[in-house]
Amino acid sequence: MPISRQCELIGLSRSSWYYEPRGASAYDLELMRLLDEQYTRTPFYGIRRMTASLRQEGHNVNRKRIQRLMR
């Protein structure tokens with residue numbers, strides 16, 4: 001049975017069938033480690049304070065990236 005027909009039967013678009021998720025980059029993993037360390041010290045920090053904290057450490061990050069990583 002063709003893949004297009006199989007996708008049609010289960011209600012999945014064909015492009016989703018071929019999608020291969022990318023893994024997190026090494027820099028994102030490093031940022032997540034730093035976020036975890038900061039969060040254990042100050043669990044009341046929100047996204048904006050976490051972003052400011054990372055910027056003070058010399059990382060060039062924006063609020064949306066930190067928001068995505070904290071999710």
Side-chain angles (χ1 to χ4, degrees):
M1 183 180 299
I3 291 176
S4 60
R5 178 69 179 141
Q6 292 175 25
C7 291
E8 184 181 320
L9 289 173
I10 62 173
L12 184 70
S13 67
R14 211 173 70 235
S15 62
S16 297
W17 175 265
Y18 293 108
Y19 175 73
E20 293 182 23
R22 295 184 320 188
S25 70
Y27 187 60
D28 279 349
L29 293 174
E30 175 67 18
L31 286 176
M32 285 190 274
R33 186 185 63 77
L34 292 171
L35 287 169
D36 285 341
E37 289 176 4
Q38 183 67 33
Y39 186 79
T40 54
R41 288 192 301 266
T42 54
F44 50 88
Y45 272 15
I47 292 165
R48 293 174 195 255
R49 276 182 145 173
M50 288 288 197
T51 304
S53 173
L54 286 172
R55 284 183 181 164
Q56 286 177 353
E57 292 179 15
H59 297 279
N60 187 18
V61 293
N62 64 7
R63 183 183 58 82
K64 290 181 181 180
R65 183 176 198 172
I66 300 305
Q67 184 177 15
R68 178 179 50 85
L69 292 175
M70 287 182 71
R71 235 183 283 137

With a 3.5 Å cut-off and sequence neighbours excluded, list the donor-acceptor pairs that the side chains of residues 12-21 form with protein atoms.
from	atom 1	to	atom 2	distance (Å)
Ser13	OG	Ser15	OG	3.4
Ser13	OG	Ser16	N	3.4
Ser13	OG	Ser16	OG	2.9

For residues 41-48, which side-chain N or O atoms pair as donor and acceptor with protein atoms under 3.5 Å away, sequence neighbours left out?
from	atom 1	to	atom 2	distance (Å)
Arg41	NH2	Gln38	OE1	2.7
Thr42	OG1	Gln38	O	3.0
Thr42	OG1	Gln38	NE2	3.0

Which atom pairs, one a donor and one an acceptor, fall under 3.5 Å between side chains of residues 60-71 and the rest of the protein, sequence neighbours left out?
from	atom 1	to	atom 2	distance (Å)
Asn62	OD1	Arg65	N	3.0
Arg65	NE	Asp28	OD1	3.2
Arg65	NH2	Asp28	OD1	2.6

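For Glu37, the salt bridge (charged side-chain N to carboxylate O under 4.0 Å, His left out) partners are Arg33, not counting sequence neighbours. Partners of Gln6 according to the side-chain hydrogen bond (donor to acceptor under 3.5 Å, both in side chains) rule, which considers only residues two or more places apart in sequence or in another chain, do not exist here.
Distance check, rounded to the nearest 0.5 Å: CG of Leu35 to OG1 of Thr40 gives 11.0 Å.
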